[in-house]
Amino acid sequence: MSALFPTYQRFPIVVERAEGTKLMAKDGKEYLDFVAGIAVCNLGHRHPAVQKAIETQLNQVWHVSNLFQIPLQEETAKKLTQHCDGDVVFFCNSGAEANEAALKLARKHTGRSKVITFRQSFHGRTFATMSATGQAKIYEGFGPLLQEFIHLPFNDVEALEKEMDETVATIMVEVVQGEGGVVPAEQTFLEKVEALCKQYGALFIVDEVQTGIGRTGKPFAYQHFSVSPDIITIAKGLGSGFPIGAMIGKQFLASSFGPGVHGSTFGGNPLAVAAANATIDIVFDSNFLRDVEEKGEYFKQALTEALADVDIVHEVRGLGLMIGIACKEAVANILPKIHERGLLVLSAGPNVIRLLPPLTVTKEELNTAVQILKESLAACNIVSQS
Ligand SMILES: *Cc1c(COP(=O)(O)O)cnc(C)c1O
């Protein structure tokens with residue numbers, strides 16, 4: 001019997017070694033890893049520059065708490081703010097904590113309590129972020145949820161206009177819904193979110209926990225659109241596998257998070273910021289990002305062509321190297337067949353195969369993945385038709 005709570009249904013794979021896009025399993029099998037620790041290992045596994053930064057820090061100081069000056073936090077925060085519309089950073093340890101900080105800041109700053117989020121969104125597993133999440137399967141059995149969290153249909157401008165008034169503290173939105181099925185927000189929708197926040201004095205939060213740190217070919221995914229959020233939350237890709245999250249806000253919000261108002265014992269720990277600092281040095285390079293954007297386009301196009309005649313496939317969609325293959329039926333039984341062929345992928349909701357290769361993936365690896373996906377999916381007969 002396992003001594004773990006069975007909160008995860010795990011793949012039957014034990015990884016012994018990892019390097020770049022490759023995972024070596026205990027049974028000797030080698031995999032192409034398009035899970036990347038759920039959009040975490042954006043530089044592939046054990047990127048040498050990040051490994052060196054962590055090793056250097058390991059030999060200096062591991063932890064002192066935020067009661068002390070931590071110059072590397074300052075330096076990392078500065079780099080983050082130089083690549084987005086934010087000015088000040090709060091470091092924490094996860095995506096849920098980054099969103100928790102954002103929601104607390106929104107209520108504190110506006111003095112209002114209503115929070116608008118969207119159906120099929122995912123914002124985390126803490127009470128506030130679970131209340132924000134627009135999926136019943138996440139919050140069922142945990143009620144009552146926090147008050148005044150409202151879930152509206154995603155990409156629906158009219159529903160938003162109808163709900164919006166001066167009691168709203170914030171609208172929080174994913175630029176591409178990740179867990180909810182790899183569903184990009186529409187330009188007009190994001191522009192409306194921003195405009196309504198401005199009009200009614202609410203804060204505009206983008207949850208970039210999955211889409212941030214180069215995943216879509218920009219430092220942050222909102223930069224594909226002409227909007228400027230008040231708060232950006234990040235985590236997954238930030239530390240290349242070392243746990244760290246952050247909330248980035250505009251300068252006018254700084255005074256609402258004064259000494260003692262919010263905190264975290266581990267947040268911005270020297271080892272974590274060493275990993276983040278080395279990660280963003282590589283990811284925020286404009287040539288690196290151009291390459292990501294280019295590979296994303298290439299991959300989506302290649303998949304669209306290769307899967308055009310495959311019965312079970314409904315649509316290929318996504319942004320940059322965050323791609324979903326929407327299928328006409330549940331994919332849970334298909335994933336093991338793809339894994340058997342040597343490609344690790346995950347799902348996003350019941351019907352979508354989600355592909356999150358490391359941003360360092362090569363074209364050859366993308367081609368191999370296209371081939372494996374084509375073979376695996378072509379072998380699936382649609383149950384409802386057979
Ligand atoms: C993964 C994710 C979270 C939660 O992050 P954790 O680190 O698991 O707490 C929040 N928002 C989005 C969009 C995510 O993809």
Side-chain angles (χ1 to χ4, degrees), residues 5 7-8 10 34-42 90-106 115-135 137-139 142 146 149 151 154-155 170-185 190 193 204-216 218 220-222 224 229 231-248 264 266-269 272 275-276 279 318-324 345-349 352 354-356:
F5 271 106
T7 47
Y8 281 89
R10 295 165 191 267
F34 279 33
V35 176
I38 319 184
V40 167
C41 306
N42 283 7
F90 174 82
F91 284 111
C92 53
N93 311 287
S94 67
E97 281 178 58
N99 286 336
E100 192 80 23
L103 291 166
K104 282 182 70 176
L105 177 57
V115 174
I116 293 178
T117 62
F118 300 94
R119 292 186 197 150
Q120 295 308 117
S121 63
F122 181 77
H123 299 295
R125 302 277 194 167
T126 63
F127 263 101
T129 60
M130 178 176 72
S131 300
T133 292
Q135 302 188 49
K137 68 171 188 195
I138 303 293
Y139 55 74
F142 293 113
L146 293 191
F149 280 72
H151 308 141
F154 189 52
N155 279 331
T170 179
I171 304 175
M172 181 156 85
V173 62
E174 288 164 272
V175 180
V176 181
Q177 288 190 334
E179 304 303 311
V182 192
V183 186
L190 284 181
V193 171
F204 173 19
I205 303 175
V206 287
D207 176 349
E208 296 244 19
V209 169
Q210 189 157 160
T211 53
I213 317 298
R215 176 51 57 186
T216 69
K218 302 272 185 208
F220 302 90
Y222 81 83
H224 289 278
I231 297 176
I232 304 157
T233 58
I234 50 176
K236 289 191 167 91
L238 181 55
S240 291
F242 208 102
I244 179 169
M247 173 189 69
I248 311 171
S264 167
F266 286 128
N269 160 291
T279 300
L319 200 58
L321 284 171
M322 180 174 178
I323 292 181
V345 298
L346 71 167
S347 57
V352 180
R354 183 169 28 156
L355 309 169
L356 300 164

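Just follow the structure's listing: the first ligand is 1, and inside any ligand the first atom is 1. One-based numbering along the sequence shown.
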*Taking N or O atoms only and a 3.5 Å limit, does Gly124 qualify as a polar contact for ligand 1?*
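N/O-N/O distance under 3.5 Å: no.
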*Within-cut-off N or O pair, Ala96 and ligand 1, under 3.5 Å*: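 Yes, at least one N or O pair falls under 3.5 Å.
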*Taking the side chain as every heavy atom from C-beta outward, state whether Met247 and Glu97 have any pair of such atoms under 4.5 Å apart.*
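With C-beta onward as the side chain, the pair stays apart.
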*Can a donor-acceptor pair be found between the side chains of Thr216 and Thr211 at a distance below 3.5 Å?*
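Per modelled atom types, Thr216 and Thr211 side chains form no pair under 3.5 Å.
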*At a non-hydrogen distance cut-off of under 4.0 Å, which region of Ala235 contacts ligand 1 (side chain, backbone, both, or neither)?*
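For Ala235, no heavy atom sits under 4.0 Å from ligand 1.
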*Is Asn99 touching ligand 1 with its side chain, its backbone, both, or neither, if touching means heavy atoms under 4.0 Å apart?*
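Side chain only.
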*Which protein non-hydrogen atom lies closest to atom 7 (O) of ligand 1, naming both residue and atom, and how far is it?*
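For atom 7 (O) of ligand 1, the nearest protein heavy atom comes out as Gly95 N, 2.8 Å.
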*List the closest protein heavy-atom neighbour of atom 11 (N) of ligand 1: residue, atom name, distance to the nearest 0.1 Å.*
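That would be Asp207 OD2, 2.8 Å.
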*Find all atoms of ligand 1 within a distance of less than 4.0 Å from any non-hydrogen atom belonging to Gln210, and give their numbers and elements.*
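By the 4.0 Å cutoff, the relevant atoms are 15 (O).
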_Heavy-atom count check: over 12 atoms from other residues, nucleotides or ligands less than 6.0 Å from Phe266 CZ?_
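Incorrect, the count does not exceed 12.
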*Of the choices Lys236, His123, Glu174, Glu208, which has the non-hydrogen atom that lies closest to atom 15 (O) of ligand 1?*
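Ranked by closest heavy atom to atom 15 (O) of ligand 1, first place is Lys236.
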*Among His151, His123, Arg119, side chain to side chain contact (heavy atoms under 4.5 Å, CB included) partner for Thr133*: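 Exactly one candidate clears the test, His123.
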